[in-house]
Amino acid sequence: MMRKLLPILLALIGVLAGGGAGYFLRPPPADEISPATDAHALTPEAHPTDHAAPEGDGHGEGATVEYVKLNNQFVVPVVEDGRVASLVILSLSLEVGLGATERVYAVEPKLRDAFLQVLFDHANAGGFRGAFTDASQLDDLRRALLEVARKTLGAEAKSVLISDIVRQDNG
């Protein structure tokens, strides 16, 4: 008898605990959000992956750019002889003008699509074979990524940074 009640009792406890956690951790209603709270939510401190940095020598100048790390990595297959020979995994960030962080996140799906197309074209042209971390190879890739970023974001896009890159060869 106890073996039949235990799963039901555990499920009931789980549902109650989840419901209680959801109730206590819910966001405040929209009418309770003050303008001060809204202003704080849009500051760079609210996004730990965004970092404002001074441009130039940094002496007495204010920050003029922000760095926006795109949420997920990019996975690019390298196809040779009709099979996936390796995978290239990249993490990208964008250098944008001040205040453009929210715009980047608003168009991130479109940016990711455009970036993936550039990365696939680069892979198909052999850009990830051999010494794929060569400075000229990466400069060409950054230039192509910046071009599509500017098509989406306009002049707000200052540069594209490749923060991580790794190639995993199969077999």
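Just so we're clear, the structure is a prediction, and the values are computed from it rather than from any experiment.
Note: Gln137 CD to Phe132 CZ = 10.0 Å, rounded to the nearest 0.5 Å. Rounding to the nearest 0.5 angstrom, the gap separating the CZ atom in Phe74 from the CG atom in Leu90 is 8.0 Å. Note that OG1 of Thr64 is 8.0 Å distant from NZ of Lys158, once rounded to the nearest 0.5 Å. Rounding to the nearest 0.5 Å gives a distance of 12.5 Å between CD1 of Ile89 and CZ of Arg167. Of the inter-residue distances, the one linking Phe115 atom CZ with Phe120 atom CZ reads 13.5 Å to the nearest 0.5 angstrom.
Scanning all heavy atoms of the two residues, the minimum distance from Lys69 to Ser163 falls at NZ-OG, 4.1 Å. In this structure, Leu94 and Ala149 approach most closely via the heavy-atom pair CD2-CB, 4.2 Å. Closest approach of Glu66 to Ala100, counting heavy atoms only: OE1-N, 3.8 Å. Closest non-hydrogen pair, Leu92 versus Ile162, comes out as CD2-CG1, 3.7 Å. Nearest approach of Pro77 to Leu87, heavy atoms of both residues: CA-CD2, 3.7 Å. Between Leu141 and Val118 the shortest heavy-atom distance is CD1-CG1, 4.2 Å.
With sequence neighbours excluded, the residues satisfying ring pair (Phe, Tyr, Trp, His ring centres under 6.0 Å) with Phe128 are His122. Applying the salt bridge (Lys or Arg N to Asp or Glu O under 4.0 Å) test to Asp81 and every residue at least two apart in sequence or in another chain returns nothing.
With contacts defined as side-chain heavy-atom distances shorter than 4.5 Å, the pair Val84/Asn170 qualifies. Between Ile165 and Val88, some side-chain heavy-atom pair lies under the 4.5 Å cut-off.
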Report the C-alpha separation of Gln73 and Asp164 in whole Å, then their side-chain angles, then the decisive distance to 0.1 Å, and conclude whether the side chain to side chain donor-acceptor pair (under 3.5 Å) test is met.
CA-CA 9 Å; Gln73 295 175 325; Asp164 294 310; 5.2 Å; no
How far apart are the C-alpha atoms of Leu111 and Val104, what are their side-chain angles, what is the distance that settles it, and do they pass the side-chain contact (heavy atoms from CB on, under 4.5 Å) test?
CA-CA 8 Å; Leu111 269 174; Val104 170; 4.0 Å; yes
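The backbone N or O of Leu138 sits nowhere less than 3.5 Å from a side-chain atom of Arg143 that would complete a donor-acceptor pair. A distance-only check finds no donor-acceptor pair linking the side chain of Asp169 to the backbone of Ala85 [under 3.5 Å]. Under the 3.5 Å distance criterion, the side-chain polar atoms of Ser86 are left unmatched by any main-chain donor or acceptor of Val78.
At a threshold of 4.0 Å, the pair Arg150-Glu156 does not count as salt-bridged, since none of the basic side-chain nitrogens sits closer than that to a carboxylate oxygen. Using a 4.0 Å cut-off between charged side-chain N and carboxylate O, Asp113 and Lys110 make no salt bridge. Ion pairing between a basic and an acidic side chain is recognised when a charged N comes within 4.0 Å of a carboxylate O; Arg142 and Asp140 show no such pairing.
When each of Asn72, Val68, Thr152, Asn71 is checked for a side chain to side chain contact (heavy atoms under 4.5 Å, CB included) with Glu108, only Asn71 meets the rule.
A single hydrophobic cluster is seen to contain both Val148 and Leu116, as judged by linkage of ILVMFWY side chains at heavy-atom distances under 4.5 Å, directly or through other members.
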